[in-house]
**Q** 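First the structure, then my questions, so here it is.
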Amino acid sequence: GLRSPDEAAALADAVVAAFAAPLPVPERELVLGVSVGAAVAPDDAPDAEALLRAADAALLHAKEHGRGRAHVYGPALHAAATTRAHTEAA
């Protein structure tokens, strides 16, 4: 498994790059794009449900910054999500 956010970032970037290359099909060329959000357990979340929420937050962040991006959940994103949750609850 992944042992650090740096490993997660490298893998996420590799996935984005792999999908960036056009796919040749008869008489056409398909261009796909992906955005990737990643989180690393147990650093980013104590359980599977929280880990999925963290990865989803990272994916949302990647999409907000343009197509074909990857982002790994981290302290800054956690702080922003916590602030947003407190604001929405008020």
Side-chain angles (χ1 to χ4, degrees):
L2 300 174
R3 299 178 196 271
S4 73
D6 289 339
E7 287 182 17
L11 180 57
D13 288 340
V15 169
V16 171
F19 277 91
L23 298 171
V25 294
E27 300 182 29
R28 294 179 187 237
E29 188 173 78
L30 296 178
V31 179
L32 304 175
V34 298
S35 296
V36 177
V40 179
D43 298 342
D44 295 329
D47 57 54
E49 186 175 319
L51 189 65
L52 286 173
R53 282 194 308 271
D56 191 48
L59 176 59
L60 180 60
H61 181 84
K63 287 180 175 182
E64 287 173 347
H65 288 85
R67 294 178 158 215
R69 303 224 181 227
H71 190 77
V72 177
Y73 190 83
L77 197 52
H78 177 75
T82 302
T83 300
R84 187 171 49 249
H86 287 287
T87 302
E88 290 173 359

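This structure is a prediction, so every number in the text was calculated from the model and none was measured.
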**Q** Rest of the hydrophobic cluster containing Tyr73 (Ile/Leu/Val/Met/Phe/Trp/Tyr, side-chain heavy atoms under 4.5 Å)?
**A**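 Once heavy-atom contacts under 4.5 Å are chained together, Tyr73 belongs with Leu77.
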**Q** Might you point out which heavy atoms bring Ala39 and Ala55 nearest each other, and give the distance in Å?
**A**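 Reported closest heavy-atom pair: CB-N, 3.7 Å.
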**Q** Atom CG in Leu59, atom CZ in Arg69: separation rounded to 0.5 Å?
**A**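 Atom-to-atom, Leu59:CG and Arg69:CZ are 13.5 Å apart.
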**Q** Among the clusters formed by ILVMFWY side chains lying less than 4.5 Å apart, do Val31 and Phe19 turn up in the same one?
**A**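 The answer is no; the residues belong to distinct hydrophobic clusters.
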**Q** Between Asp44 (side chain) and Val40 (backbone), is there a donor-acceptor pair under 3.5 Å?
**A**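 Checking the backbone N and O of Val40 against the side chain of Asp44, a donor-acceptor pair under 3.5 Å is found.
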**Q** Please report the closest heavy-atom contact between Ala50 and Pro46, naming both atoms and the distance.
**A**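 Looking at all heavy atoms of both residues, the closest pair is CB-CD, 3.9 Å.
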**Q** Say you draw a straight line from OG of Ser35 to NE2 of His61; how long is it, rounded to the nearest 0.5 Å?
**A**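 Reported to 0.5 Å precision, the distance equals 11.5 Å.
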**Q** Work out which heavy atom in Val36 is nearest to a heavy atom in Val16; give both atom names and the distance.
**A**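 Looking at all heavy atoms of both residues, the closest pair is CG2-CG2, 3.8 Å.
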**Q** Please say whether more than 12 non-hydrogen atoms of neighbouring residues, nucleotides or ligands are located less than 6.0 Å from CD in Glu64.
**A**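 Check passes, neighbour count above 12.
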